[in-house]
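The residues of the chain are indexed from 1 along the displayed sequence.
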Amino acid sequence: MDKSDIEIVSSARQQALETGKPVARTYDPAPGAGTTGKRSLRVGPPVPAPDREGFTMCRHIHTDFSIKGVEGKVRETALICRDADGDDQIVDAALR
């Protein structure tokens with residue numbers, strides 16, 4: 001994943017958090033990306049999670065990301081919570 005991919009994944013994740021619905025996107029790589037295959041991502045709907053100290057409205061969210069022609073897939077599970085300013089923060093994340 002390059003910087004452009006990370007921005008697109010972040011935008012899709014935010015959309016899923018705001019709407020409560022899954023988000024799927026397929027797009028071409030940015031110029032200069034190390035691979036040429038189309039990218040696919042799916043962000044699952046947010047699932048409520050227990051709040052963490054200093055945070056509210058915690059949710060687990062799962063993201064699957066793949067590049068056509070590249071073996072394997074990245075799956076991230078993140079815990080995203082609201083901070084005191086009302087901004088969503090990734091509190092914990094794990095790649096599988």
Taking salt bridge (charged side-chain N to carboxylate O under 4.0 Å, His left out) as the cut-off, I'd like each qualifying pair that reaches into residues 44-67, sequence neighbours left out, listed once. Arg59-Asp88, Asp64-Arg75
Applying salt bridge (charged side-chain N to carboxylate O under 4.0 Å, His left out), which residue pairs with at least one partner in residues 6-26 are found, sequence neighbours left out? Arg13-Glu76
Heavy-atom pair of closest approach, residues [X] and [Y]:
X	Y	result
Ser66	Gly72	CB-O, 4.2 Å
Pro29	Gly37	CD-O, 3.7 Å
Asp2	Ser4	OD1-N, 3.1 Å
Ala16	Gly44	CB-O, 3.9 Å

Is it possible for you to say whether Val47 and Ile90 belong to one hydrophobic cluster, with membership spreading through side-chain heavy-atom contacts below 4.5 Å? no
Cluster check Val43, Tyr27: I/L/V/M/F/W/Y, side chain < 4.5 angstrom: yes
Tracing side-chain links under 4.5 Å among I, L, V, M, F, W and Y, which residues wind up in one group with Leu79? Phe55, Val91
4.5 Å side-chain heavy-atom contact, Leu17 and Ile61: yes
Those residues that, when tested against Ser10, pass side chain to side chain contact (heavy atoms under 4.5 Å, CB included) (two or more places apart): none
Residue pairs passing the disulfide bond (SG atoms under 2.5 Å apart) test where at least one lies in residues 42-96, sequence neighbours excluded: Cys58-Cys81
For residues 38-47, which residue pairs qualify under side-chain hydrogen bond (donor to acceptor under 3.5 Å, both in side chains), counting only residues two or more places apart or in two chains? Asp5-Arg39, Asp28-Lys38, Thr35-Arg39
State the [atom1]-[atom2] distance between [X] and [Y], to the nearest 0.5 angstrom.
X	Y	atom1	atom2	answer
Ile80	Asp87	CD1	CG	12.5 Å
Thr56	Arg82	OG1	CZ	7.0 Å
Ile6	Phe65	CD1	CZ	9.0 Å

